[in-house]
Amino acid sequence: MLHSRRTWGVLIAVFAAFALLAASCTGSDDGSEVREIGESSGSVSGSASGSGSASGSASASGTHTGSASGSASASGTHTGSASGSASATGMSSEMTPGDGGYEYASNVDSHRLVVADICGIGDLLDAGDFAAVEDIYRNGKNSVKSDGSIRTIGGFASRDDRSHGHDVYYGTPTPLDDFVSAALDGTGMFAGTSDAVRGQGVEKGIQNQVMVAWVVHELDAALAKAADGNFDAASGAPHNWDEAWAFYHGAEPGCAPYATANMRAGNFATMGADGETAQANEAILAAMIEGRDALLDGDTDGTEAAALEIVRNLVITYSQAAIRYASLIEGDLADGNDAKAAEHQAEGLAFWRVIEPYAVPAGADAAAMSAIFDLDNPPGANGYGDAVRAALQPAWSSLGISADDIGTLQ
């Protein structure tokens, strides 16, 4: 068992041990595709109170914003989707109603609204309004804190004291903001690229790179507080654990990383029993519930195991994304559509960077992946989907990810 005081930055450096622990855990576009951001037509947009149930739906195939049922034994909590009940023992008296089957142990009323900032960004990018997108990214819109200030996605991405591993891996303090800023401004790796390519970098960079890193940061913060013995539901480890789900799913799951997992599962035939929710999302939800309950019981080891399972399933989702977009490039070039191939290369790059700091230490071929997705290289010059699979296979083996977990691109 890994020592409870190790943060994710250290875990990245000792990923072999990370993988062994994960393996021991039990329990568990092409031009025709509907936009990934802002595609939900019926997701939750506010905080409810009292007891009851809620559900939502998404208009795009492969997208899911809530289903099935679950329960909470504490009065005044929201009944969400998926199975698993939350005990009132140790929970904050002001806990936020649940989202998507996860019952919060603390108050994350404003945190869960961060993902609402992402909704509609695709439309702004289609209109070429990079300035409006940057305003939302830098200044925020929906997540108003108790002091009246606004929590922003760019504010997190530009912090150099967040523990998500990307800074350690890339050797720069703010790699998340560097990527999004370069795409917004048409500089750095996006210098000389089309607005369409830049738009994909911005869109996928915000929804996936930054938000998933924020999730990992909160998991790490929860583990750090647990290691210090801070299990207070309102402000300790359970609160940070809640924030992780608020940033992964939150009030608008159709605009969150959660939606990406559902769409990729649709592409790879890895949906769960309901046909709408990715198996990866089902596993992440189950691990979130297990980790929350472990923290409420003061069980640090159980939370570590849950955190590792969450990261394992993130690797599954974004491996699928990298394979798919490399495969789309092959079709684009066959059709003589070089412009679309360049867009798909940018999307593949953004998706790959979500998990690169976790997959490469586990064995993924960094050089091969860079050659495929580096925007300085012509799209398709260094391989397509099969090349991505080959480059990622060592990491899958280390993490106990099977061929069935990844599925087959449809």
Side-chain angles (χ1 to χ4, degrees), residues 18-19 22-23 25-28 36 40 58 60-68 80-84 99-102 115 204 207-209 211-216 218-219 244-245 247-250 253-291 305-325 348 350-356 358-359 362 364 388-389 392-393 395-410:
F18 188 140
C25 297
T26 59
S28 300
E36 301 198 11
S40 172
S61 173
T63 309
H64 176 62
T65 61
S67 65
S81 62
S83 60
D99 283 318
Y102 179 84
V115 293
K204 304 310 186 292
Q207 183 188 20
N208 297 279
Q209 272 190 71
M211 295 308 299
V212 170
W214 208 341
V215 170
V216 171
E218 297 302 341
L219 297 177
W245 185 253
F247 297 138
Y248 184 72
H249 180 288
C255 306
Y258 183 89
T260 300
N262 285 341
M263 283 182 288
R264 298 296 77 87
N267 298 143
F268 283 80
T270 55
M271 284 292 188
D274 67 3
E276 296 180 321
T277 308
Q279 291 173 8
N281 274 340
E282 291 180 339
I284 288 172
L285 173 59
M288 285 296 306
I289 293 170
E290 291 167 6
L308 295 170
E309 180 66 9
I310 291 165
V311 172
R312 176 180 173 275
N313 280 279
L314 289 171
V315 171
I316 290 171
T317 289
Y318 290 98
S319 293
Q320 291 174 331
I323 294 167
R324 179 170 189 259
Y325 283 86
F351 286 134
W352 161 234
R353 283 173 61 98
V354 174
I355 58 169
E356 185 177 5
Y358 318 126
V388 171
R389 279 186 176 272
L392 293 177
Q393 183 60 59
W396 299 342
S397 297
S398 295
L399 291 169
I401 295 172
S402 69
D404 288 342
D405 290 329
I406 299 298
T408 302
L409 183 59
Q410 305 300 295

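Because the structure is a prediction, the values reported are computed rather than measured.
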Parallel, tilted or perpendicular for Tyr248 and Trp245, by the 30°/60° rule?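 The rings of Tyr248 and Trp245 sit tilted, inter-plane angle from 30° to 60°.
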
Is there side-chain contact between [X] and [Y], with at least one heavy-atom pair below 4.5 Å?
X	Y	result
Asp405	Thr270	no
Asp99	Pro253	no
Ile316	Gln279	no
His249	Leu285	no
Phe247	Glu218	yes
Phe351	Thr317	no
Ile284	Leu314	yes
Val388	Trp352	no

Tell me the closest heavy-atom pair linking [X] and [Y], and the distance in Å.
X	Y	answer
Ala280	Asn313	CA-OD1, 3.5 Å
Met211	Gln207	CB-O, 3.3 Å
Ala278	Ala265	CB-CB, 3.4 Å
Ala273	Glu282	N-OE2, 3.8 Å
Gly407	Arg389	O-NH2, 2.8 Å
Ala287	Ala306	O-CB, 3.3 Å

Going by an N to O cut-off under 4.0 Å, is there a salt bridge joining Glu309 and Arg312?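 Looking at Arg312 together with Glu309, the answer is yes, because their closest N to O distance falls below 4.0 Å.
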
Reported [atom1]-to-[atom2] distance for the pair [X] and [Y], which is rounded to 0.5 angstrom:
X	Y	atom1	atom2	result
Gln209	Lys204	CD	NZ	12.0 Å
Ile323	Arg264	CD1	CZ	11.5 Å
Met288	Asn281	CE	CG	12.0 Å
Ile355	Leu392	CD1	CG	6.0 Å

Without swapping roles, check the side chain of Asn267 against the backbone of Leu409 for a donor-acceptor pair under 3.5 Å.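 Not at all, since once roles are kept as given, no pair shorter than 3.5 Å links the two residues.
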
Can you tell me if Glu356 uses its side chain to pair, donor with acceptor, with the backbone of Val354 under 3.5 Å?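 Side chain of Glu356 to backbone of Val354, a donor-acceptor pair under 3.5 Å: no, none is there.
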
Please report the C-alpha distance between Val216 and Tyr358 in whole Å, then the side-chain angles of each, then the deciding distance to 0.1 Å, and finally whether the side chain to side chain contact (heavy atoms under 4.5 Å, CB included) criterion is met. CA-CA 11 Å; Val216 171; Tyr358 318 126; 3.7 Å; yes

